[in-house]
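Scroll down for the structure; my scribbles are underneath it.
Counting starts at 1 for both ligands and their atoms, in listed order.
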Amino acid sequence: MASNIKVFIRVRPGRPAPGFKVDEEKKTLIFEHEKTSPDYDVNNQKAAHSFQFDGVLGMQIKQQEVLDIIAKPVIEDVLQGVNGTIFAYGQTGSGKTFTITGGASNYEDRGLIPRTIRLMFEAFRKGPAQYRMYISYLEIYQDSGYDLLRDDSVRRLEDLPKVALREDEDGNTHLRNLSVNLAASEEDALNLLFLGDTNRVVAETPMNDASTRSHCLFIIWVDSTQSGSDVVRRSKLHLVDLAGSERVSQTGVDGKLLAEAKAINLSLHYLERVIVALHSRSKGVQAHVPYRDSMMTSVLRDSLGGNCRTTMVGCIAGEASNIPESISTCRFAQRVAQITNNARVNEELDPNLLISRLKREVAELKEEVKVARASRDGQEAEALTTEGLDQCRALVQQFVSKGVKSEEPFMCGSIERLRACFRILRDMCIEREGQQTQDLEDEGGAAALESEIKKLKLEVAQRDQEIAVMVKMLTKQRGDSRPFIAASSQPAAASPERTERANGSCPETATKQQALGSGNAPPTSETAKSAAPQDKTDKRRLPQPTMPPADEAAELLLDKQKALEVFWQKVYKPPEAFKENKALLKERIEQAQALGKEAVQLKAEIDSVKSRLLRLRTERAMTAAGYDDSAPVEDGPEELAEVAEIERLKSQYREKTGELRRVKSDVEGIQRLLEQNQVKVRREFENWFAGLRSRANLSKMDEDKKKELFDKAGFWTIGP
Ligand SMILES: Nc1ncnc2c1ncn2[C@@H]1O[C@H](COP(=O)(O)OP(=O)(O)O)[C@@H](O)[C@H]1O
Ligand SMILES: [Mg+2]
């Protein structure tokens, strides 16, 4: 299936420059400008640039729509055994991470990865095959790969296991030392995403702002087997968040940083070279495609010009200062759109499945030989007539009715008859088993629901309590206008030494930090400030956090608990999303409760219709003319109506429980998000705390204090 890479452009919300127009209907972007405007001086003096793509997603687009438009077709293919890649490209701050992973604070903002995971597990439940999902998460920083899913106590990127590239004799690249983790459920998969994202956040220090300079690949592997087949389909979906594509010339940084900036851009430069070579090839020019020049292009080799269904999302921002980068992204995207890939279904024979099928065949053949020997007199194989089948059915029924103790051999005369008898027996068993499981399922389902509702109720109570604590704290914080340090009279709330991963029941201290959301702390130390490349759009333009006066800073360095409390009460600004998440969590929990109640109600209705049906059937059997124990009595119109009613209620019941499952997973998702925010706040605090060092005024301090400071805070500038 040869097809071009699909290319979409997504425009981040913001105040667009006057000449910038987004036409979603015509899938077109137009950049108009004065010829003389220096902002638009991008190799070309045209007065307007116009670009058309497979789709243009405007500022208002919702994350769910992005999934529907961009990812769904790729996911459908992956479920069929075809490889897929979705990669986001664009300058820093243009919304790549927002698109691929999602916004950091608001649950509604979750991105393609968590939404894809949900969609896939829903498809697994409905699909015709048996599916298995495995997950890997790779970060590439300065051409080295790191496994984000190995450890949850990471402090620096370098602590993560390194992943290496290996090429086999057929020229296929493999990632050595990258873990592949089974995800048996949606929750498992989201937990892996959470672990990887947490590692990503923690490893991202202001000095190596990895989110800007590294590429992240979330890989979902899907295996599927159709029942009764020896063939297994293996496909993978790459969800790629590339490093910022801003040009070196515009970062305006000096010396060492320029070299580093070049290194970031180097891998994107190699990506461009690959795209250019593929572009030439698509025009029939023989060109060497330099995949091997960088780790990122090696890993994405299949996605670019290979066996893969690939989609690119170019992320752009429309503010005047971003226009040159946005145009450059559009140009790159247009080249990508010319590349042809050749995606195919990845099928292979699974030796284990093959062996078990062959074993079955051998057993059957052996039996056949036996029967053939027994009927050596040589009756020709006969095709079974309806009459013959009826005889077989009677033979099986007779055999079964003799009970388990009977030793009488089963004789039916020929291999065809023997096979037919087995089929009849199997159908009988399945029918009976189906009846039993249905009953059991109904019982078990109701019990599970009851306990689910109980759990959710507990959760509501707990969340209510946590929310009350947080609201109280926030109100206090807003109304508090005391001088900087005076607020620290109570004992501190949490130990800053460890990051707790709260599970289900979270202590109050953990909750505070979780619920207050993120905020992407800007770097505080001098070195960190100069390390960050100039960034026109994103977080680094946020105001610097408040620092205390010099002698108070020294005091705080001596008492980290107190510092944490001061940070909490005076410095930290909870994002707006806090309220939204809180409201959403409550809403979802209430929804879950309502759904649970409805499901229990439906179950009760089903039971009562069932007993009505039983009564009707008994009555009919008793009053039927020529009543005979052994002959089944046909259902009359009343019974048939009840049967239809049961079916209707059952389908409603299934709908409700399905919805309940989804809502429950939302609740878990919001909680996970809150947990992740906790990690971010912790990092912000550590940055701020480190910044206190450069503020501390030592001249007013006596020698003992200085010594204590040196011991406790590793203060290296102590001296006369
Ligand atoms: N479509 C969007 N809607 C709302 N906020 C967005 C959107 N795209 C990006 N943002 C916000 O803009 C900032 C930068 O986006 P981000 O995804 O981190 O950019 P990148 O990964 O390209 O550097 C983040 O705070 C993010 O939440
Ligand atoms: Mg990013």
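- Residue contacts with ligand 1: Arg10 is included, with a non-hydrogen atom under 4.0 Å away.
- Classification of the Phe218-Tyr137 ring pair by plane angle, with boundaries at 30° and 60°, yields perpendicular.
- Asp143 and Ser294 share no side-chain donor-acceptor pair at under 3.5 Å.
- Inter-residue side-chain proximity for Thr329 and Gln91 is flagged as unmet; no heavy-atom pair is nearer than 4.5 Å.
- Checked by distance only, ligand 1 and Arg12 stay at 3.5 Å or farther apart across all their nitrogen or oxygen atoms.
- Every residue was checked against the ring pair (Phe, Tyr, Trp, His ring centres under 6.0 Å) condition with Tyr291, not counting sequence neighbours, and none meets it.
- When Asp109, Asn106, Thr97 are ranked by how near their heavy atoms come to atom 21 (O) of ligand 1, first place goes to Thr97.
- The shortest N or O to N or O distance between Gly93 and ligand 1 is below 3.5 Å.
- The distance from the Mg ion (ligand 2) to the nearest N/O/S atom of Thr92 is not under 2.8 Å.
- Note: Phe31 and Phe51 have perpendicular aromatic rings, judged against thresholds of 30 and 60 degrees for the angle between ring planes.
- Annotation: Asp241 places no N or O atom under 3.5 Å from an N or O atom of ligand 1; distance criterion only.
- Here is the list of ligand 1 atoms found below 4.0 Å of a heavy atom in Gly95: 8 (N), 9 (C), 15 (O), 16 (P), 17 (O), 19 (O), 20 (P), 22 (O).
- With no hydrogens or angles considered, a side-chain donor-acceptor pair links Glu139 and Ser214 at under 3.5 Å.
- What you find for Ser179 and Leu149 is that their closest heavy atoms are OG-CB, 3.9 Å.
- Among residue pairs with one or both ends in residues 55-68, those qualifying as salt bridge (charged side-chain N to carboxylate O under 4.0 Å, His left out) are Asp68-Lys72; sequence neighbours excluded.
- Counting heavy atoms closer than 4.0 Å to ligand 1, residue Gln91 contributes backbone atoms (N, CA, C, O) but none from C-beta onward.
- When heavy-atom distances to ligand 1 are checked against a 4.0 Å cut-off, Pro13 comes that close only through its side chain, counted from C-beta outward.
- Less than 4.0 angstrom separates some heavy atom of Thr92 from each of these atoms of ligand 1: 23 (O).
- Heavy atoms of Ser94 approach ligand 1 to within less than 4.0 angstrom.
- Taking distance alone, with nitrogen or oxygen atoms compared against 3.5 Å, Thr99 stays at or beyond that limit from ligand 1.
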